[in-house]
Each structure stands twice: as structure tokens, then as C-alpha cells.
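What you see is a predicted model, and the numbers here were worked out from it, not measured in a lab.
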Amino acid sequence: MMTADTTAAQIRARYQKLYSGGHLSLSKNYSDKFPLLEHLLKDAVRGRSVLDFGCGPGRLALMLARYAREVHGVDYAGDGIELAGLLARAAGGSNTTFSEGDLAWVTAQGRRYDVIVLAGVLEHLEEPL
């Protein structure tokens with residue numbers, strides 16, 4: 001049985017492993033902007049289906065899930081997706097899902113979303129258009 005303490009310990013351990021190894025960045029380049037993005041997007045996502053492409057460990061996806069009908073986060077980094085799942089379980093939200101994949105994977109799914117969010121992603125794509 002997973003308790004809140006167990007989940008918190010798993011999250012702490014996962015963060016430490018991922019960030020100390022340089023796999024993910026705790027840089028404030030994006031994460032300090034998430035509360036602003038949440039404020040700007042909350043009305044646009046309210047009651048809608050949202051794709052957070054390039055979600056990393058899911059922080060923005062979980063913020064938007066407070067307003068959206070459902071949020072699906074996708075990132076190519078499986079470690080980030082694993083952490084996003086742990087955070088979602090800890091938050092107790094039932095309207096978030098996370099998958100490992102890239103743009104080709106998302107396109108192949110054929111799923112339609114009402115809103116697509118890319119925060120700190122375009123500059124990493126080979127062909128952003």
C-alpha cells in the first residue's frame with residue numbers, strides 16, 4: 001500500500017536523481033513562469049481537453065488540471081514522465097495522464113485536443129513550424 005509519506009519519499013528521490021544527473025533542469029527559465037502561465041491559461045483551458053507537449057515532470061500540466069476537463073502531458077524524456085506520474089498520484093488528480101513520446105508519436109495517436117500548450121519547447125525542435 002502506498003502512503004503519502006512513501007509517495008513523497010519517491011518524489012524526493014526521483015527529483016534528486018534526475019536533477020543531480022543533469023537529465024532535467026531545475027532552471028528558473030521556465031518553472032518560475034508557470035504560475036503566470038497558469039493565470040493566463042486558466043480560462044482558455046477551463047472544462048477543455050488539453051495537451052501539454054514537452055511537459056517534463058508535469059508541473060504545468062498539474063496546474064492546468066485544476067481547471068481543465070483533462071490534461072495529457074507528453075515528453076520524450078521517460079524519466080520526466082515517470083516523475084510526472086508520481087506527482088499526479090501525490091496530488092490525487094484523476095484528470096491527468098502522461099506518456100513518453102515525441103511530436104511524431106502525438107500525431108500518430110490521431111487524438112484531438114481543445115488546447116495545446118508548449119512551454120519552453122519550440123526552441124528545442126529541429127523544425128518548430
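- Applying the side-chain hydrogen bond (donor to acceptor under 3.5 Å, both in side chains) test between His72 and each of Asp52, Thr96, Thr97 identifies Thr97 as the sole match.
- Residue Leu103 is grouped with residue Trp105 when hydrophobic side chains (ILVMFWY) are merged at heavy-atom distances under 4.5 angstrom, including chains of intermediate members.
- Of the inter-residue distances, the one linking Tyr67 atom OH with Lys42 atom NZ reads 5.0 Å to the nearest 0.5 angstrom.
- Among residues two or more places apart in sequence or in another chain, the side-chain contact (heavy atoms from CB on, under 4.5 Å) test is passed with Ala68 by Val45, Val50, Val71.
- For Gln109, the side-chain hydrogen bond (donor to acceptor under 3.5 Å, both in side chains) criterion is met by no residue, not counting sequence neighbours.
- Under the side-chain contact (heavy atoms from CB on, under 4.5 Å) criterion, Leu118 pairs with Phe53, Ile116, Val121, Leu122, sequence neighbours left out.
- Screening residues 94-112 for salt bridge (Lys or Arg N to Asp or Glu O under 4.0 Å) gives Glu70-Arg111 as the qualifying pairs, with residues at least two apart or on separate chains.
- Scored by the side-chain hydrogen bond (donor to acceptor under 3.5 Å, both in side chains) test, Arg69 finds no partners at all (sequence neighbours excluded).
- Counting heavy atoms from C-beta on, the side chains of Ile81 and Leu83 never come closer than 4.5 Å.
- Under the 4.5 Å side-chain criterion, counting only non-hydrogen atoms from C-beta, Val115 is not in contact with Leu51.
- In this structure a side-chain-to-backbone donor-acceptor pair under 3.5 Å is present from Asp114 to Ser49.
- Take Arg66 and apply the side-chain hydrogen bond (donor to acceptor under 3.5 Å, both in side chains) test, not counting sequence neighbours, and it matches Glu38.
- Summarising the geometry of Ala119 relative to Leu37, their closest heavy-atom pair is CB-CD1, 3.9 Å, with the distance given to 0.1 Å.
- Across Cys55 and Asp75, no two heavy atoms sit closer than the pair N-OD2, 3.4 Å.
- What you find for Ala88 and Phe98 is that their closest heavy atoms are CB-CE1, 3.8 Å.
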